[in-house]
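Here's the structure, in structure tokens; my notes come after.
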Amino acid sequence: MALVAHPPSPSHHRQSPLITRRTTYQRLNSSISQTTSLPQTNTSTKYQLPLLQQFTSLCQSKQSLPQALTLLQQQNPRHETLDSLQRKEAIGLLLQACGRYQDIETGREVHRMVASSTLFHNDVVITTRLITMYSMCGFPLDSRLVFDGLEKKNLFQWNAMVSGYSRNKLYEEALRAFIELVLQTEFKPDNFTFPCVIKACGGILDVRLGQGVHGMTAKVGLLDDVFVCNALIAFYGKCGLVDEAVKVFDYMSEKNLVSWNSMISVFAENGFAQEGLGLFSEMIKCEKSFVPDVASLVTILPVCAGEGNLEMGMVFHGLAVKLGLNQELMVKNALLDMYSKCGCLSHAKGLFDKDNNKNVVSWNTMIGGFAAQGDTRGTFYLLRKMQVEGREKTNEVTILNVLPVCLEKSELLCLKELHAYSIRHGFHYDQLVANAFIAAYAKCGSLCSSQLMFNGMETKTVSSWNALIGGYAQNGAPRKALEFYLQMINSGIKPDRFSLGSLLLACSHMKSLCFGKEIHGYLIRIGLETDPFIVISLLSLYIRCGKSASARVLFEEMENKSLVSWNALIAGYSQNGLPDEALVLFRQMLSDGIQPDEISINSVFGACSQLSALRLGKEAHCYALKAYLAEDIFVGCSIIDMYAKSGCIEQARRVFEKSRDKDVALWNAIIVGYGLHGYGKEALGLFEKMLAFGMKPDGFTFVGILMACCHSGLVEEGLKYFNDMQNFHGITPKLEHYACIVDMLGRAGRLDESLRLVNEMSDEPDAGIWSSLLSSCKTFNALDIGTKVAEKLFELEPKKAENYVLLSNLFAASGKWDDVRRVRQKMKEIGLQKDAGRSWIELGGKVYSFMAGNTSFTGSKQMQNLWRRLEEKIRKIGYKPNTDSALHELAEDEKIEVLRGHSEKQAICVGLLRTSKGETLRINKNLRICVDCHNAAKLISKVVEREIVIRDNKRFHHFRNGFCSCGDYW
């Protein structure tokens, strides 16, 4: 026997814009009894009434329907029997009950009884109820067979047929039946016909056809009918024409509770949450003072859920209790959903545990709530508990609600368990479930399983292809995503906006600007370039390919700029090294009235970190606190990172200590911060404290630890933690971990060990590792190793100026001036230019930038006088220009002049001139600080009695009273 869909709850139908079939046919029976002139049943006879009452009682329970059928079939004259009219009424009651409880087997037995009866096989009421029974049980084809077998048809039977098609979402068949009714019969559609037809128009989202039907209702004078108007409100709402729905609602001379519920639902489903809440309030306060029912509450509670408005949701919960509706199953499920989506999962769980009348929707809602919170253990616990209790069977929705929690490799086993369960119960044949499994396997890192799932599907829709292409694009295999996209096109499947969005994502990951532009052109040709989802994907493409200007042009062309688009461009500027532009755009967003969210403020903190703009960062911190954004764990990490990278590690620590929920990300942020400042022992102390709190470190934690050891010269400790990471914590080293160890060994002069580690790495070393090693070779004048390392570096990055500068400096430090000239000539031939030394300092909220050798500041009389005085003072306490830092073939006095023009010295002078006595100077530099500037800064901090913090491209240096926090180890 084929499975049938669960019927909508009767309470829901009483409130829906389309009138219920039960109500319809109660009216229908009344009309038929008046028009067919049948004699009245004598119900006063003593022996007749009890049997009919008994039969009616049996029809109130699904389990008793077979017993009612047996009673109906009794023909024993010794027992009380029903006369023909009572028998007709009993058959009608039983058919209604079969439809209501979806008992198709009993319904078919009644049909056989009716078909064999000469008295009833053509009866108008019974045949109408047969048509309705089959449609309510989900068998519209059987309804049609009954309908087509009728010798004569009346309007009630036509209405039953149109209604049956609409009920079973066979909207086109419903419209064909309606057209047949209008064109081929003399019957005029009435207020039972039109609501079903209007529903069908909404089902296929055909606005013009629906408006045509609306016109027909006006012609036949049914615009005052409340049922027709309720259907029109629902139709316009489903088509997104909220204004039209409002017009119908406002025009209605008479509104019932269904009218109000329908209009509130239209607002809710189209994103007009406040209007929906306002209308609910108006409904209660209006002249008729409608009392909300179950449908009202299950319409308004999802509005609170969607808005995350817990306070308002609790108000409606109280109203449900006051009205005695809180024990209604649909209301309880809506409350579970509201509390779950408002982040109050414990409250939802409390309601769920107290409920002894759960259905599958209750379980699915609770499982979905745990999954949305990312609680894998809780989600699977509920799923198993649902199976153990056994009262409600899982369905496809259950599986779809569980799958979103399977996001990591660690959940792959749970995912396979769920897949096996779905296969055993046949859920994997459902398209949505199969597509969700494809996506879940990709997220869990098993792309081969994802593809196997896809290959096993008999029918592959565009959604199936999208799941596979998106899985590869999002999980590190963009080229495979492109291959499958081409296969999809070749198979005759037309791509949709999601296919093209995934394709753009793949291009972004590959940084394939050329192919991305081709897709952009295709999007313009098919008219999808203005689609909000596609525009965001295009923005991401241009940003990731480093084309911020193109992204800005695209952004400015957008008519309606969403928060997501603002966030994408602000983040893009920050990621592409354009922090000033990111901050300017953020200010523009605020002035345009767009309220930033956690993602926006994270990008702002990232921009402030790049600029080391402490004052701007503090302003952003204040804004985040006022806007209640600072409680977000990722925002907290960004605030710690901003203070650390602005040279204010003490403030970063204070933010960390005040954080209530310290997860691994927060610990990582503060450990990395201490590492950047060269406070290795403090970073290691925090790590041990983290372990004592039971936190499990991850790969990022060890990057911070190894960086701290590297900048503090804690070589043996660094090697120990590197081994512990693998042996005790089960973390496989990645390139970033090897990079830290190579740099650490190189800084310590252990170049042979460093080179050996590079050669023994399981992964191919990247340019960053070779560059770090070459820098160490320059520090220790290791010319032989350095030249070999440079060869490897040039193979990987043949057109990067910094690599040639490193080799040139190595030759210069060794006095190999011919080789220096050769390298510089090679740079000219390739068209490369050395990045000039640049420093900047934030003063009064404004950032001042300085270039090495630029005389716009050093040439001023005030600057010259200040530096002359400073140089005289520091010479007296031991300063001697280190001309080895001037890697040019010049005379000694010329080298000294070059050193005086270094950008950090200019920044120090301007900082001293424009700040108060005793104020800390915070300076940033794009290159590694040279020995001469390092020595000068130490002594200047002593003679001016100030702390000077300089952040170069490797780490922070805190100069205090003639000493540096790095201990001259950098």
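Under the 3.5 Å distance criterion, with hydrogens and angles disregarded, a donor-acceptor pair is assigned to the side chains of Asp293 and Asn261. Side chain to side chain, Asp190 and Thr193 meet the donor-acceptor criterion of an N or O pair below 3.5 Å. Looking only at atom types and distance, the side chain of Asn359 has a donor-acceptor partner in the side chain of Asn333 under 3.5 Å away.
Annotation: Lys341, atom NZ; neighbour count of heavy atoms from other residues, nucleotides and ligands within 6.0 Å does not exceed 12. Counting heavy-atom neighbours within 6.0 Å of Ile599 CD1, excluding the residue itself, gives a total of 12 or less. Counting heavy-atom neighbours within 6.0 Å of Asp592 CG, excluding the residue itself, gives a total above 12. Within a 6.0 Å radius of CG in Asp661, no more than 12 heavy atoms belonging to other residues, nucleotides or ligands are found.
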For residues 531-540, run the donor-acceptor check on the side chains, cut-off 3.5 Å, and write out each pair with its distance to 0.1 Å, sequence neighbours left out.
residue : atom : partner : partner atom : Å
Asp531  : OD1  : Arg497  : NE           : 3.3
Asp531  : OD1  : Arg497  : NH2          : 3.2
Asp531  : OD1  : Phe533  : N            : 3.0
Asp531  : OD1  : Ile534  : N            : 3.2
Asp531  : OD2  : Arg497  : NE           : 3.1
Ser537  : OG   : Phe533  : O            : 3.2
Ser540  : OG   : Ile536  : O            : 3.1

Return a table of donor-acceptor pairs under 3.5 angstrom between the side chains of residues 232-249 and protein atoms on other chains or two or more places apart.
residue : atom : partner : partner atom : Å
Tyr236  : OH   : His214  : ND1          : 2.8
Glu244  : OE2  : Lys247  : NZ           : 3.4

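With sequence neighbours excluded, no residue forms a ring pair (Phe, Tyr, Trp, His ring centres under 6.0 Å) with Phe272. Contacts of Phe437 classified as ring pair (Phe, Tyr, Trp, His ring centres under 6.0 Å), with partners at least two apart in sequence or in another chain: His419. Residues passing the side-chain contact (heavy atoms from CB on, under 4.5 Å) test with Arg552 are Phe555, Glu556, Leu569, Tyr573, Leu585, Gln588, sequence neighbours excluded. Judged as a side-chain contact (heavy atoms from CB on, under 4.5 Å), and not counting sequence neighbours, the contacts of Asn168 are Ser135, Pro140, Leu170.
Side-chain atoms of Ser638 come within 3.5 Å of backbone N or O of Phe634 as a donor-acceptor pair. Between the side chain of Asn435 and the main chain of Gln431, a donor-acceptor pair closer than 3.5 Å is present. A donor-acceptor distance shorter than 3.5 angstrom exists from the side chain of Asn401 to the backbone of Asn364, with no hydrogens or angles considered. At distances below 3.5 Å, not a single donor-acceptor pair connects side-chain atoms of Ser166 with backbone N or O atoms of Ser163. Checking side-chain atoms of Gln102 against main-chain N and O of Met136 turns up a donor-acceptor pair under 3.5 Å. With hydrogens and angles disregarded, no donor-acceptor distance shorter than 3.5 Å links the side chain of Asp375 to the backbone of Ala371.
You'll find the side chain of Met312 stays beyond 4.5 Å of the side chain of Ile300, heavy atoms only. Between Trp465 and Thr461 there is no side-chain heavy-atom pair separated by less than 4.5 Å. With contacts defined as side-chain heavy-atom distances shorter than 4.5 Å, the pair Ser362/Lys332 does not qualify. Using a 4.5 Å heavy-atom cutoff, the side chains of Ser502 and Asn466 are not in contact. Between Trp363 and Thr398 there is no side-chain heavy-atom pair separated by less than 4.5 Å. Using a 4.5 Å heavy-atom cutoff, the side chains of Met589 and Ile570 are in contact. Annotation: side chain of Met386 is not in contact with side chain of Lys358 (no heavy-atom distance under 4.5 Å). At a threshold of 4.5 Å between non-hydrogen side-chain atoms, the residues Ser296 and Leu257 count as touching.
Considering OG1 of Thr299 and CE of Met263, their distance stands at 12.0 Å, rounded to 0.5 Å. Remark: Asp224 CG to Ser253 OG distance equals 4.5 Å, nearest 0.5 Å. The line from CZ of Phe178 to CG of Asn159 is 10.0 Å long, rounded to the nearest 0.5 Å. Atom OG of residue Ser603 and atom CG of residue Asn567 lie 6.5 Å apart, to the nearest 0.5 angstrom. To the nearest 0.5 Å, the span separating CG on Leu400 from CG on Asn395 amounts to 8.5 Å. To the nearest 0.5 Å, atoms CZ (Arg208) and SG (Cys201) are separated by 13.0 Å.
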Take Glu172 and Arg176 through the test salt bridge (Lys or Arg N to Asp or Glu O under 4.0 Å) and record every step on the way to the result. CA-CA 6 Å; Glu172 292 183 355; Arg176 288 193 194 98; 3.7 Å; yes
Can you check side-chain contact (heavy atoms from CB on, under 4.5 Å) on Tyr522 and Leu500, steps first, answer last? CA-CA 10 Å; Tyr522 173 72; Leu500 295 164; 4.0 Å; yes
Decide yes or no on side-chain contact (heavy atoms from CB on, under 4.5 Å) for Phe290 and Trp260, but give the supporting numbers first. CA-CA 9 Å; Phe290 287 104; Trp260 289 91; 3.1 Å; yes
Assess the residue pair Phe194 and Leu222 against the criterion (side-chain contact (heavy atoms from CB on, under 4.5 Å)); give the C-alpha distance rounded to whole Å, side-chain angles, the decisive distance to 0.1 Å, and a yes or no. CA-CA 9 Å; Phe194 280 113; Leu222 286 176; 3.5 Å; yes
Show your reasoning for whether side-chain contact (heavy atoms from CB on, under 4.5 Å) applies to His317 and Leu301. CA-CA 8 Å; His317 187 177; Leu301 282 168; 5.8 Å; no
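The minimum heavy-atom distance linking Leu325 with Val331 is given by the pair O-CB, 3.4 Å. Contact record, Met366 with Ser340: CE-OG, 4.2 Å, taken as the closest heavy-atom pair. The heavy-atom pair separating Leu403 from Ala440 by the smallest distance is CD2-CB, 4.0 Å. When every heavy atom of Lys494 is checked against every heavy atom of Val462, the shortest pair comes out as O-CG2, 3.6 Å. Residues Leu323 and Val291 approach most closely at CD2-CG1, 3.7 Å, considering heavy atoms. Nearest heavy-atom pair across Ile543 and Ala551 is CG1-CB, 3.8 Å.
Taking the six-membered ring for Trp and thresholds of 30 and 60 degrees, Phe316 and Phe280 have ring planes more than 60 degrees apart, a perpendicular arrangement.
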